[in-house]
Amino acid sequence: MNNLAVPVTKDNDGGSIFKFFISELKPKGKWLTPFNIISIPIILLGVVLIVIRFWKGIGSITNLTQETPWGLWIGFDVVTGVAFAGGAYVLTFMVYILKMHKYHSIVRITVLNGFLAYVFYAGALLLDLGRPWNVINPIIGNSFGTSSVLFLVAWHFLLYMIAELIEFSPAIAEWLGARRARKILSGMTIGAVIFGITLSTLHQSGLGALYLMAKDKIHPLWYSEFIPILFLVSSIFAGLSMVIFEGSISHKVFFNQISEKNHKAQNGIIQGLSKICAGTMFAYFFLQLLVFIHNKNWNLLNTTMGYWFLLEMIGFVIIPMMLFIYSYRTSNIFMIRLAAILTMVGVILNRLNVTVIGFRWNAPTHYVPSWMEIVVTMAVIFTEIWIFRWVINRMPVLRESPAWVNEEE
Amino acid sequence: MGIDRRNFMKALGITGITLAVGNSFGTPSKNKDESEIEFRGMLYDSTRCIGCRACERVCAKNHNLPEPKDELKAGVLRKTSELQRTVINNYTTSKGEVSVKKQCMHCNEPACAAACLTQAMYKTKEGPVIWRGDKCMGCRYCMVSCPFDIPKFEYHSPNPKIQKCDLCYDRVIKGQIPACAEACGDALTFGTRRELISEARKRIAENPKDYIDQIYGEDVAGGTGFLYLAPVSFKELGIDTNLQNSSYPALSKGFLYSVPSVFVLLPPLLLGIHEATKNKQPKEEENE
């Protein structure tokens, strides 16, 4: 392995691998950016809170109760975060399986985004585990709870992280200048993609299936036996909206890394994605409608929760869907971005409605996350963005691969 | 009914979610032995309960929990907690004040055990549903799934445990009866579920005026190990009568059954599409 990893990029002036890593660890660019000024104190505060959590127990910083054992950390960090990471499986399907080469330039950043989301949000899960030292039990077989949906989800998280790492690994090899490793790793891409899509199909729906046994605890407008399918379909447009949103930010922040050609292609890509979003959102809305009629929920509409449900369905599914349709017809990029943001708000609402807001909606006192839970969540997200930025500034994610890659192909 | 769950898990194992599943389910000869052991349970007769709370005290003592000191008052709902595995509540009903005990129901097909990804929550072949700390990772999915809200979590401990009634499993395997049943006058009867149901039926038939003609636990949630007799409707006694009669693990069965099919069918389909779209590739690359 050693000779595979010998860096031959221009970053390395013949020094050792160690020196290369040290130089790469140093920050590039200015320190006192607005993002850093906001994120550093929050991350530090988050670290303090995490120490308290492991010292005094989960109850010391969260508002979780015996009746509401899963709060913001599961409902938002894990369930919502994973839905937003769905862009990776959708895009790899489009590019590697359907060969839509138009989208090739955004595959790497989407896979990186997805991979980091899984690492950090599944990592945040460890904070929520009461006995995290036993987290390897379902992996090593002490014991296999095969009748558990969570068993499936846990294994899938692990396997999917590996699959996404393989999908992303050619970029790491290019960064290190490891030619042979790159060749081997890119040969594994298609296998990882097929495996990854299968895993995603199952655990995106599996996250919904987790709540199937909580039949009496979730508001009937959000509970149905079709939660898994609804979660799967909504993960498609959740993921793609994230790609649109993240893409518009990346294109500003990392402007100098993106080639002229890819800059020009960006609008076409966004328009294409908005079509897919509109299509899947229509399917999703239609499914929700079928479930609603099937469950005979008409009488529930004229209640507070009913209005809340209508707001989610009309305000954050139908309206962004119309916006997507309208804006790709008129090629209005601003409107597409607006629609993507509305869609993301809708997905957050939907996931929180199932997991937190609609969970024990009728209890006398309802769970509301503590400020400390929110700070830890923000610290996790900011740390992820830090790593994301670190990788993009060093590896060929947005910028073109080094010249030797094209020579070899 | 316990057999159903075992078969269900076996079917999952065979269809193969993961490797090495076979090991954890034992050999066929072991299953044969298990089928001869019947689920043990408890019959609680609220018409005989005098609300003395001897069960509460002996339970706390037996499980190293603090002795309950709060007052018992009709209309004030006391809940089981991480410090109290069983509670008695008094309800003012149409037939006067009635005491009702609350603890784990020891379902035939427990949602908590089906939810547990490490089988830390475990339905023993003797009947009690137990918690095993060496396996538990503290995810609290059992608490999300349990329709009776029984598993309680020690939120203020760095090494938290799940607290719930285990029907004194350590005593049951030694041939003793659970501590609460031993301490109780005659409201609690321990025995095999089959015996308890016929005993309950006998009591209803002999004194039809004293009981409503229903055994709570016979059907609810697919049948439970704890069975309740009551003089008035269970709704009056603060018992959730909206729960379904079929088992809770059955709710996620459909999803779990679809997993192997997706795993078998989707990859070849994707590979097929990949191969089918391959031919176009050289042409498009020229265009780039």
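This one's a predicted model, so the numbers in the text were calculated from it and none came from an experiment. Hydrogens, waters and symmetry mates are skipped; everything else that's a heavy atom, side chains included, is used. Order of the sequence lines fixes the chain letters, A, B, ..., with proteins taken first and strands second; residue numbering starts at 1 for each chain.
- Contact annotation for S157(B): only backbone heavy atoms (N, CA, C, O) come within less than 4.5 Å of a heavy atom of chain A.
- Among L212(A), V153(A), L125(A), the residue with the largest count of heavy-atom pairs under 4.5 Å with chain B is L212(A).
- Considering only heavy atoms from C-beta on, M137(B) stays 4.5 Å or farther from N137(A) through its side chain.
- Within the model, atoms CG of L251(B) and NZ of K215(A) stand 6.0 Å from one another, a figure rounded to the nearest 0.5 Å.
- Put simply, the side chain of K135(B) reaches to within 4.5 Å of the side chain of S143(A), judged on heavy atoms.
- Side-chain contact check for D128(A) versus R140(B): some heavy-atom pair is nearer than 4.5 Å.
- Taking each heavy atom of A154(A) and L117(B) in turn, the nearest pair found is CB-CD1, 3.9 Å.
- Side-chain contact between F153(B) and L64(A) is absent, with no heavy atoms from C-beta onward closer than 4.5 Å.
- Using a 4.5 Å cut-off on side-chain heavy atoms (C-beta onward), L266(B) and T201(A) make contact.
- Closest approach of P160(B) and G130(A) over heavy atoms only: CD-O, 3.2 Å.
- For E225(A), no part lies under 4.5 angstrom from a heavy atom of chain B.
- Contact of the P267(B) side chain with the F195(A) side chain is not registered, since no non-hydrogen atoms from C-beta on lie closer than 4.5 Å.
- At a threshold of 4.5 Å between non-hydrogen side-chain atoms, the residues S148(A) and Y141(B) count as touching.
- Among residues two or more places apart in sequence or in another chain, the salt bridge (Lys or Arg N to Asp or Glu O under 4.0 Å) test is passed with D134(B) by none.
- The greatest number of non-hydrogen atom pairs below 4.5 Å with chain B, out of I229(A), V193(A), I197(A), is found for I197(A).
- In plain terms, the two heavy atoms of F93(A) and L270(B) that are nearest each other are CE1-CD2, 3.5 Å.
- Side chain of Y155(B) to backbone of T65(A): a donor-acceptor contact under 3.5 angstrom is found.
- Heavy-atom pairs under 4.5 Å with chain B peak, among S205(A), P132(A), G141(A), at S205(A).
- A side-chain donor-acceptor contact under 3.5 Å links R131(A) to the backbone of C136(B).
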Indicate every side-chain donor-acceptor pair of residues 68-78 of chain A with a distance under 3.5 Å to a residue at least two apart or in another chain.
from   : atom 1 : to      : atom 2 : distance (Å)
W70(A) : NE1    : C139(B) : O      : 2.7
W73(A) : NE1    : E373(A) : O      : 3.2
D77(A) : OD1    : T377(A) : OG1    : 3.3

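- Of the residues listed (C146(B), C142(B), P147(B), S145(B)), the one engaging M213(A) in a side-chain contact (heavy atoms from CB on, under 4.5 Å) is S145(B), and it is the only one.
- Residues L98(A) and I273(B) meet the side-chain proximity criterion, which asks for heavy atoms closer than 4.5 Å.
- No donor-acceptor pair under 3.5 Å is formed between the side chain of H156(B) and the backbone N or O of I58(A).
- For the pair Y211(A) (side chain) and V144(B) (backbone), a donor-acceptor distance under 3.5 Å is absent.
- The aromatic ring centroids of H156(A) and F263(B) lie less than 6.0 Å from each other.
- With respect to chain A, the highest number of heavy-atom pairs below 4.5 Å among P151(B), G254(B), G133(B), S258(B) belongs to G133(B).
- Interface residues of residues 355-370 of chain A toward chain B, defined by a heavy-atom distance below 4.5 Å and sorted by number: F359(A), R360(A).
- Contact detail for K217(A) and M143(B): the closest heavy-atom pair is NZ-O, 2.9 Å.
- With sequence neighbours excluded, the residues that form a salt bridge (Lys or Arg N to Asp or Glu O under 4.0 Å) with E67(A) are K79(B).
- For the set G191(A), P138(A), A214(A), the entry with the most heavy-atom pairs within less than 4.5 Å of chain B is P138(A).
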Verdict with supporting geometry, D216(A) and Y248(B), side-chain hydrogen bond (donor to acceptor under 3.5 Å, both in side chains): CA-CA 10 Å; D216(A) 315 291; Y248(B) 276 78; 2.5 Å; yes
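- With rounding to the nearest 0.5 angstrom, the CZ atom of F144(A) is 10.0 Å from the CD atom of Q119(B).
- Ranked by heavy-atom pairs under 4.5 Å with chain B, the first of I190(A), N134(A), L199(A), L129(A) is N134(A).
- Checking side-chain atoms of K253(B) against main-chain N and O of S147(A) turns up no donor-acceptor pair under 3.5 Å.
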